[in-house]
*Asks:* 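Shown below is the structure under consideration.
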Amino acid sequence: MGTADDPPSPFLGSAAENGDSGTEAESAFDSQKSICPFCGVGCGIRHGNRDKATGWAGSVNRRGEVCPKGVAAFEPVRSADRLVRPLVYESGTHVTAPWDEALDRLESGIRTAVDEHGPEAVACFASSSCTNEENYLVQKIARALGTNNIDNCARLCHASTVAAMVERFGAGAMTNTLEDVGEADVFLVCGANPAAQHPIAFQSYLAPAVDDGTTLLHVDPRETETTSKADVHLPVTPGYDIPLLNAMAKVVVGEGLVDEAFLDDRADGREAFEAHLEDVDVEANAREAGVDPDDLREAARAYGEADRAAAFTGMGMSQHHCGTDNVHALINLAVLTGNVGKPGTGINPLRGQNNVQGANDVGARPGDLPGYDAVTDADARERCADVWGFEPPAEPGRTQVEWTRSVGEDNGIRAAVVFGENPAVTEPNASEVADALADLDFLAVIDLYETATAELADVVLPGSAWAEKAGTVTNTDRRVQRMRPAAEPPGEARRDLEILQAVGRRLTDLGFEYDGPATVFDELTEVAPIYGGMSYEEIGEEYQRWPYPDGANEGVDVLHTAAFANGDRRTELAPVDHVPPADDLEDDQLVLTTGRVLQHFNSGALTRRSGTLMRLRGEDVVQIHPDDAAERGIDDGDEVQLSNDRGSVTVSAEVTAAITSGTVFTTFHYAEPLINVLTGDALDPVAKIPEYKHSAVTVEST
Ligand SMILES: Nc1nc2c(c(=O)[nH]1)N[C@H]1C(S)=C(S)[C@@H](COP(=O)(O)OP(=O)(O)OC[C@H]3O[C@@H](n4cnc5c(=O)[nH]c(N)nc54)[C@H](O)[C@@H]3O)O[C@H]1N2
Ligand SMILES: Nc1nc2c(c(=O)[nH]1)N[C@H]1C(S)=C(S)[C@@H](COP(=O)(O)OP(=O)(O)OC[C@H]3O[C@@H](n4cnc5c(=O)[nH]c(N)nc54)[C@H](O)[C@@H]3O)O[C@H]1N2
Ligand code: SF4
Ligand SMILES: [Mo]
């Protein structure tokens, strides 16, 4: 896959068109090879002509192909909205301040909270958009302060996927690689739209395989860019993936499509699992899930009969209050059919930001130390203590959404440092989040712009954009790659790593004396066994993949081949039951599900800046089925109000049969209109991930 022999990618033109030298004389940027700041695919990009980014032949985008987001990656860097001086809150407004004063305030704000309420009153957000070294320092600062209250937006994203995969396989990452999944005969894509959200993974790895005959099964309430390549589309009603996947398992078992040899060798619990399936009625489950029973059977047969079938899972599965169980149901299918531990198979979560995998690998998690050993594991704490000179606390910290809900309560959070996240826009039930952030005794934000979150801060520190920093990032298939700076931060903005070193020196007794990212990375390899033998120098322009056992001199591509990552040869089949969505639908309410479009990214902080991305249309709309629109007297293009007891927003209607009836879809890419005022507080009991994909709303013409 991804070789020079492949058919040309539709995105290849953008690289050629923009030139591949990136040596425009008048530009403020040089042409260092770096990694795209957007999605977890991890394409190699650098500066090209007319301040656009161009691909270089990176380890993922072997032909230098980049998607439209990648091409526009310099726009947010050059934006006139960049913060160029620190801000402090003074008499009801933000005023600029010298760095020393801003850092003094940060120091006293956090120290006061610790002195008066203990370290558990402080919380830190790390950043999935920032490097491994930066995130490693944020978690080290939190732990040196005496708290495990450190989390990142993976909590809002694949936390449930990781929880289920760790329980079943011992590792919460793609079991396979972008290269080997192309060997699959069948792709099962559940609740993901890689054609728009992971474009190069789709265009350069999945789509060519489909063109060569791989069958694509797509489970999504909408027809998307991904569906256009699908052989079978199951337009599931949001929140009903478990009935659907259980019915597929029943077909697989009923039609003798289980992999007997694999089950004998690698799995327990078959009897209990089959007993559980006795109560599953394929026809009834299909109807409950909103899909045609014959289509469901066809999909189950294709998956079950395939020699090799690779499953991909995204936010449509993970972002439910049963997100962990959703993924268990998918894992059951893979285990039943022996689709794990071989090339072209597996459970493959497509990770979100360019370094969400790494932010978690390096320990920006309330329950885990660098490398995923639990904070409750005394040996792992000891290993950190040997390197750090202090022992991290043993009690797991609060998760991201839990802590914003604890502000104002006894033993709640009083002070916080938010590094490269925008929770005022991206957490659910956003009105409550804004109130909670405003109620903190002290909030510091390190960002590039005055985001909705930064507006609520006592201190805002101007950090560095992707093109202004060096360090490593870990992509969706566990490749650690290097970023290189093409420019200096603007004005008085500083490199994030230097800011975090200064914060660490002020808040702790440790020196935080690192001579740049390479020395931080060296320390990381000492405490995180999965990064054990890696070398910053040797990564060079290629990559090293985890797990990278010390002394082995190479990473492991396909996981769980001879044994699962936890060392066990066998895993368990795990029966799961449907969990009704948290919101009940009243009267004529519809189900709101939320997600993404190609041209914008998450809270829009990076993609709402002026430039080409803004000129693309088609995002500020709610998709509604023609029948639902007709019942409400709504025409295409009408302004409509979406409301429930949490809030209300106005957007324009896109009347389209691409969405299943009874469901409406909109993106969450804006501070205004703020869609997350409509999403609720329900959390998955295991992973604490919010229910972003199912909210009851009333839809009316305005
Ligand atoms: N262009 C672009 N790319 C991005 C991002 C971006 O904002 N913009 N964000 C990045 C990040 S952080 C992430 S996590 C990834 C996410 O990438 P995806 O997982 O692809 O993201 P979503 O669009 O949130 O959801 C995927 C699909 O789930 C469907 N869906 C909704 N509800 C359900 C359900 O109940 N069941 C099923 N089976 N499907 C459902 C939606 O219709 C949608 O098409 O993308 C990354 N890449
Ligand atoms: N309704 C709804 N809500 C959702 C989702 C959904 O599907 N539906 N998806 C959820 C998911 S999957 C995710 S991952 C979250 C994302 O939630 P967030 O992480 O809060 O969203 P981003 O917009 O990615 O925010 C990144 C912030 O970091 C800043 N930043 C970027 N690069 C740098 C840098 O190099 N240095 C510094 N200092 N700052 C930087 C940006 O300006 C921005 O403010 O949203 C979640 N919210
Ligand atoms: S696919 Fe992802 S990493 Fe590659 S250029 Fe597009 S946004 Fe960047
Ligand atoms: Mo995400």
Side-chain angles (χ1 to χ4, degrees), residues 164 168-169 175-176 180-181 183-190 209-210 213-219 230-234 236 240-289 291-313 317 326-348 558 560-561 564 570-578:
R168 305 286 289 280
F169 300 154
T175 56
N176 287 61
D180 80 75
V181 289
E183 296 177 30
D185 306 305
V186 166
F187 294 142
L188 170 59
V189 178
C190 263
V210 173
T214 301
T215 301
L216 173 60
L217 314 171
H218 192 211
V219 184
D231 297 275
V232 182
H233 176 219
L234 301 177
V236 64
Y240 287 79
D241 290 276
I242 293 174
L244 185 152
L245 292 164
N246 281 350
M248 284 180 69
K250 173 110 181 187
V251 174
V252 164
V253 170
E255 301 194 5
L257 302 175
V258 296
D259 184 333
E260 299 288 346
F262 184 86
L263 285 187
D264 285 348
D265 187 23
R266 307 282 311 259
D268 295 315
R270 178 169 181 180
E271 218 170 291
F273 187 78
E274 291 195 1
H276 179 260
L277 286 183
E278 277 169 22
D279 294 334
V280 171
D281 180 305
V282 174
E283 189 91 14
N285 275 31
R287 302 234 177 270
E288 186 183 19
V291 305
D292 182 328
D294 289 336
D295 290 349
L296 184 148
R297 284 195 188 90
E298 186 187 343
R301 276 182 205 121
Y303 185 87
E305 284 169 358
D307 242 6
R308 290 167 187 233
F312 297 85
T313 181
M317 291 274 287
N326 280 345
V327 178
H328 278 303
L330 183 64
I331 293 174
N332 287 337
L333 266 184
V335 171
L336 271 182
T337 53
N339 278 306
V340 58
K342 294 184 290 203
T345 69
I347 300 289
N348 297 289
V558 178
H560 319 306
T561 48
F564 292 100
R570 303 173 76 81
T571 183
E572 191 98 23
L573 283 160
V576 283
D577 289 312
H578 173 56

*Asks:* Can you measure from CG (Leu188) to CG (Leu245) and round to the nearest 0.5 angstrom?
*Replies:* 7.0 Å
*Asks:* Kindly give the heavy-atom pair with the smallest separation between Leu330 and Thr313, and that separation in Å.
*Replies:*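 Looks like CD2-CB, 3.7 Å.
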*Asks:* What pair of heavy atoms forms the shortest contact from Val576 to His328, and how long is it?
*Replies:*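 For Val576 versus His328, the nearest heavy atoms are CG1-CB, 3.9 Å.
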*Asks:* If you measure from CG on Asp268 to CG on Leu263, what distance do you get to the nearest 0.5 Å?
*Replies:* 10.0 Å
*Asks:* Work out which heavy atom in Arg287 is nearest to a heavy atom in Pro293; give both atom names and the distance.
*Replies:*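 Closest heavy-atom pair between Arg287 and Pro293: NH1-CD, 3.6 Å.
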*Asks:* I'd like to know if the side chain of Asn339 reaches the main chain of Ala309, judged simply by a donor and an acceptor atom lying under 3.5 Å from each other, with no hydrogens or angles considered.
*Replies:*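 Checked: pair present.
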*Asks:* CG/Asn332 to CG/Leu277 distance, rounded to the nearest 0.5 angstrom?
*Replies:*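 One finds 8.5 Å between CG of Asn332 and CG of Leu277.
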*Asks:* Go through Asp295 and His233 one step at a time and tell me if the side chain to side chain donor-acceptor pair (under 3.5 Å) criterion holds.
*Replies:* CA-CA 8 Å; Asp295 290 349; His233 176 219; over 6 Å; no
*Asks:* Atom CG of Asp279 and atom CG of Asp281: how far apart are they, to the nearest 0.5 Å?
*Replies:* 10.0 Å
*Asks:* When rounded to the nearest 0.5 angstrom, what is the spacing between NZ in Lys250 and CG in Leu296?
*Replies:* 12.5 Å
*Asks:* Grab the two heavy atoms, one from His560 and one from Arg266, that are nearest each other, plus how far apart they are.
*Replies:* O-NH2, 3.1 Å
*Asks:* Side chain of Asn326, backbone of Met317: donor and acceptor closer than 3.5 Å?
*Replies:*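 Yes, Asn326 side chain to Met317 backbone: donor-acceptor pair under 3.5 Å.
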*Asks:* As a quick check of understanding, evaluate side-chain contact (heavy atoms from CB on, under 4.5 Å) for Asn285 and His578, giving each step before the final call.
*Replies:* CA-CA 10 Å; Asn285 275 31; His578 173 56; over 6 Å; no
*Asks:* Quick check for you: to the nearest 0.5 Å, what is the distance between Asp307 atom CG and Thr337 atom OG1?
*Replies:*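 The distance works out to 11.0 Å.
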*Asks:* Can you see which heavy atom on Val186 is nearest to which on Thr214, and at what distance?
*Replies:*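 Looks like N-CG2, 3.7 Å.
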*Asks:* Assess whether side-chain contact (heavy atoms from CB on, under 4.5 Å) is satisfied between Asn348 and Thr175, documenting all intermediate values.
*Replies:* CA-CA 6 Å; Asn348 297 289; Thr175 56; 3.5 Å; yes
*Asks:* Under the criterion side-chain contact (heavy atoms from CB on, under 4.5 Å), I'd like the reasoning laid out for Val340 against Phe262: C-alpha separation, chi angles, the key distance, then a yes or no.
*Replies:* CA-CA 9 Å; Val340 58; Phe262 184 86; 3.2 Å; yes
*Asks:* Spell out, as yes or no, whether a donor-acceptor pair under 3.5 Å connects the side chain of Arg297 to the backbone of Asp292.
*Replies:* no
*Asks:* Which of parallel (below 30°), tilted (30 to 60°) and perpendicular (above 60°) describes Phe169 and Phe564?
*Replies:*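 Judged by the thresholds at 30° and 60°, the geometry between Phe169 and Phe564 is parallel.
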*Asks:* Does Leu234 reach the side chain of Leu217, with side-chain heavy atoms less than 4.5 Å apart?
*Replies:* no
*Asks:* For the residue pair Val253 and Val258, what are the closest heavy atoms and their distance?
*Replies:*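 Where Val253 meets Val258 most closely, the heavy atoms are CG2-CG1, 3.9 Å.
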